[in-house]
Amino acid sequence: MSEKKRVLFVCVENANRSQMAEAFAHLHGGDAVEALSAGSRPSGVINPKAIRFMAEVGYDLAAHASKSLDEIDGEFDAVITMGCGDSCPWVPARRREDWALPDPKHMDDADYRRVRDEISTRVKTLLASL
């Protein structure tokens with residue numbers, strides 16, 4: 001990746017999946033990526049499970065904030081939606097993908113970690129393809 005890529009991850013609450021995806025984009029993409037996340041109906045808080053399970057991989061999600069798509073502007077190299085369906089408004093992007101990942105907020109620890117690890121794998125693949 002020669003120029004900085006802009007990537008946006010969107011889910012409904014911006015409390016779990018999109019937050020973890022943004023974090024993995026920072027971890028895997030470093031300074032080559034401007035990663036953001038937002039929600040179509042943000043909860044206003046990051047799920048404590050997301051904070052705990054991202055800490056296991058060395059990322060402090062407590063520094064993040066749950067935010068609305070209304071706070072996001074500009075164009076993106078990729079917009080990735082995760083389970084918000086019709087409630088995800090259109091955002092200008094060169095590439096769009098929907099990752100049909102289950103919302104882990106009510107999952108047990110092992111299943112939550114599986115979703116987290118799947119997000120990590122998908123973010124690595126995405127960044128490699130930009």
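The residues of the chain are indexed from 1 along the displayed sequence. Keep in mind it's a predicted model, so treat the numbers as computed, not measured.
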Separation between [atom1] of [X] and [atom2] of [Y], rounded to the nearest 0.5 Å:
X	Y	atom1	atom2	value
Ile72	Leu36	CD1	CG	5.0 Å
Gln19	Glu13	CD	CD	11.5 Å
Glu56	Asp117	CD	CG	9.0 Å
Asn16	Ile119	CG	CD1	8.5 Å
Arg52	Asn47	CZ	CG	9.0 Å
Leu61	Ser66	CG	OG	11.0 Å

Is there a side-chain contact between [X] and [Y] in this structure, where contact means two heavy atoms from C-beta onward sitting under 4.5 Å apart?
X	Y	answer
Ile80	Val123	no
Val115	Pro102	yes
Arg116	Met54	yes
Lys67	Ser37	yes
Phe24	Leu27	yes
Leu130	Arg95	yes
Glu71	Pro42	no

Relative to each other, are the rings of His26 and Tyr59 parallel, tilted or perpendicular (30° and 60° limits)?
-> parallel
Is the backbone N or O of Arg6 less than 3.5 Å from a side-chain atom of Asp77, with the two atoms forming a donor-acceptor pair by type?
-> yes
Ignoring hydrogens and geometry, is there a side-chain-to-backbone donor-acceptor pair from Thr125 to Thr121 under 3.5 Å?
-> yes
Counting only heavy atoms not in Asp108, do more than 12 sit closer than 6.0 Å to its CG atom?
-> yes
For the pair Val12 and Ser40, evaluate side-chain contact (heavy atoms from CB on, under 4.5 Å) and give the outcome as yes or no after the intermediate values.
-> CA-CA 5 Å; Val12 177; Ser40 53; 4.1 Å; yes
In the single-linkage hydrophobic clustering (I, L, V, M, F, W, Y; side-chain heavy atoms under 4.5 Å), do Phe9 and Val57 co-cluster?
-> yes
Contact summary for [X] and [Y], nearest pair of heavy atoms:
X	Y	answer
Ala25	Ala35	CB-CB, 3.5 Å
Ala100	Arg122	N-NH1, 4.1 Å
Ala93	Ala78	CB-C, 4.4 Å
Arg17	Cys11	NH2-CB, 3.9 Å

